[in-house]
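Here the structure is laid out as structure tokens; the discussion comes afterwards.
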Amino acid sequence: MADKRERFTLSRHVVSFVGIAALLAALLLPQIAHAQNYPNKPVRLILPFGAGGVADVTARLVTERFGEKLGQRFVIENMPGAGGINAARAVLTAPADGYTLALFSNGTAISVSLFKNLTFNPVTDFVPVSSMGYFDFIFTTQAGSSYPTLAEFIKAAKQKPGALNVGTINVGSTQNLAAQLFKSTAGVDVTIVPFRSSPEVLIALLRGDIQMAIENFSAVQSHIADKAAIAVASSGPVRTTFLSDVPTVKEAGGGDFEARSWNAIFAPKGTPPEVIKVLNAALREVLDTPDLKKRALELGIEAKASSPEEILARLKSDIDKWAQVIERAGIAKQ
């Protein structure tokens, strides 16, 4: 009798296991089939920036090859707007099927602390795919300046508190917050002057209205080549490949300073994991292409893929980092 009960119990467990396995297969097979057919139509990549900026240029450079690799067009849609809200809304209201993706940047991390009414959470509403590129900012002075090195600029700033001006684009931009971070790590009192655009920053530098500018390499490249401006430091943890003779801010005496920006692809929460794997694998191959890496470096961008976990960790870290800078600088939420 006991043997019959044991056999009955075992049979019931086997049936339960088979039922669970069947249920799991029913849930997973559509996702696997979707990934095997993905992509079978054009994919949209939504940018929270206008055309022509570093993020836009990076995205177009990468997605052209991305489309060739996956056999479908990747269509870039520029949806600029405060905090990236317009772009995020467009992605989150689309089906989570891998056909509508978001470009995130360091600016996305900043937006979490900079905007009062951010209508999305980049960490919980999205899932990471991979980074696309990283880039540093260049600290630049005017040719013939009294401060041909960053060390001399720091020395002068300490001797004349409040007398020197540093130009950046608008308040809350990565360049602007990098200047705020520099004040803190270098222990200097300088006046940070925000401008509406990169060209305005550089005009002010060449005119002598500001003594130093913090900008993307692509924005200052021609002025450095023409010897109208001098690159005195780069903002990353190590020297940039394209300006290897220029020290980092930390090397030049700017304290424990690092400010890198990045671009990455994220998808709306609920996107099938198999689709994320397809996208990540394709990006790794595309970003490892020698001619793409070379072209990116010419623009001041280090083309580099990551695991989803790595770029998510970077996003979280930068959210915390820039929140502290914004609070310390007393920048009002927008």
Check: S130 side chain, S306 main-chain N or O, donor-acceptor pair, under 3.5 Å: yes
Atom pair CZ (F182) and OG1 (T168), whose distance is rounded to the nearest 0.5 Å: 13.0 Å
Pairwise distance CG(L287) to OG1(T58) - rounded to 0.5 angstrom: 10.0 Å
Point-to-point distance, once rounded to the nearest 0.5 Å, from CZ of R65 to CG of L283: 13.0 Å
Heavy-atom check, side chain of D97 versus side chain of V275, under 4.5 Å: no
Distance (rounded to the nearest 0.5 Å) between R328 CZ and W322 CH2: 9.5 Å
Test item: L103 and I46 side chains (from C-beta on) under 4.5 Å apart, heavy atoms: no
Criterion salt bridge (Lys or Arg N to Asp or Glu O under 4.0 Å) on E298 and K294, from CA distance to verdict: CA-CA 6 Å; E298 290 170 356; K294 180 176 180 294; 3.0 Å; yes
T289 side chain vs L292 backbone, donor-acceptor pair below 3.5 Å: no
Pair Y38 + Y99: ring centers closer than 6.0 Å: yes
Side-chain (T185) to main-chain (G254) donor-acceptor, under 3.5 angstrom: yes
Heavy-atom neighbours of K333 NZ exceed 12 at 6.0 Å: yes
Cluster link I331 to I169, ILVMFWY, side chain under 4.5 Å: no
Side chains of I230 and I224 in contact at under 4.5 Å (non-hydrogen atoms): no
Side chains of T174 and F137 in contact at under 4.5 Å (non-hydrogen atoms): yes
A303 backbone acceptor or donor facing K293 side chain under 3.5 Å: yes
Ion pair check, E285 and K69, cut-off under 4.0 Å: yes
Non-hydrogen side-chain atoms of I192 and K183 separated by less than 4.5 Å: yes
Worked verdict on E215 versus H223 for side-chain contact (heavy atoms from CB on, under 4.5 Å): CA-CA 12 Å; E215 255 303 343; H223 297 292; over 6 Å; no
Considering all heavy atoms, the nearest G172-I110 contact: O-CG2, 3.4 Å
Main-chain N/O of V123 paired with N121 side-chain donor or acceptor, under 3.5 Å: yes
Residues R60, E64: salt bridge by 4.0 Å N-O rule: no
Close aromatic pair by centroid cut-off 6.0 Å: Y147 and F153: yes
Point-to-point distance, once rounded to the nearest 0.5 Å, from OG1 of T140 to CG of L206: 10.0 Å
Closest non-hydrogen atom pair between G52 and V57, with its separation: O-CG2, 3.9 Å
Test item: S261 and Y134 side chains (from C-beta on) under 4.5 Å apart, heavy atoms: no
Nearest heavy atoms of P48 and G84, plus distance in Å: CB-CA, 3.7 Å
Same apolar cluster: I214 and F195, side chain cutoff 4.5 Å: no
Lys/Arg-Asp/Glu bridge criterion (N-O < 4.0 Å) met for R239, E251: yes
Verdict with supporting geometry, L243 and I138, side-chain contact (heavy atoms from CB on, under 4.5 Å): CA-CA 9 Å; L243 289 173; I138 307 302; 3.7 Å; yes
Test item: N78 side-chain N/O and F49 main-chain N/O as donor-acceptor pair under 3.5 Å: yes
V166 reachable from V171 in the ILVMFWY side-chain graph, under 4.5 Å edges: yes
Any donor-acceptor pair under 3.5 Å from S235 side chain to A259 backbone: yes
Side-chain donor-acceptor pair present, S234, D136, cut-off under 3.5 Å: no
Centroid separation F217 to F135 less than 6.0 Å: no
Non-hydrogen atoms of L92 and D125 that approach each other most closely: CD2-O, 3.5 Å
Spacing of L61 atom CG and N263 atom CG [to the nearest 0.5 Å]: 11.5 Å
Nearest heavy atoms of T108 and P122, plus distance in Å: CG2-CB, 3.8 Å
N216 (side chain) donor-acceptor with A219 (main chain) under 3.5 angstrom: no
Heavy-atom pair with the smallest gap, counting every atom of S307 and R284: N-NH2, 3.1 Å
T271 side chain to A267 backbone, donor-acceptor under 3.5 Å: no
Co-membership, hydrophobic cluster, residues V232 and L205, 4.5 Å side-chain: no
Close side-chain approach of F126 to V91, heavy-atom, < 4.5 Å: yes
Intermediate values then yes/no, side-chain hydrogen bond (donor to acceptor under 3.5 Å, both in side chains), E152 and T149: CA-CA 5 Å; E152 290 172 90; T149 68; 2.9 Å; yes
Check against salt bridge (Lys or Arg N to Asp or Glu O under 4.0 Å), E200 and R207: CA-CA 10 Å; E200 290 182 8; R207 199 164 51 198; over 6 Å; no
Worked check of side-chain contact (heavy atoms from CB on, under 4.5 Å) between E258 and K321: CA-CA 11 Å; E258 179 191 334; K321 174 178 182 171; 4.2 Å; yes
Residue pair M212, L150: steps toward the side-chain contact (heavy atoms from CB on, under 4.5 Å) verdict: CA-CA 9 Å; M212 187 167 68; L150 185 61; 3.8 Å; yes
L114 reachable from W262 in the ILVMFWY side-chain graph, under 4.5 Å edges: yes
Main-chain N/O of Q211 paired to N165 side chain as donor or acceptor, under 3.5 Å: no
Heavy-atom check, side chain of L101 versus side chain of R44, under 4.5 Å: no
D226 atom CG, over 12 foreign heavy atoms within 6.0 Å: yes
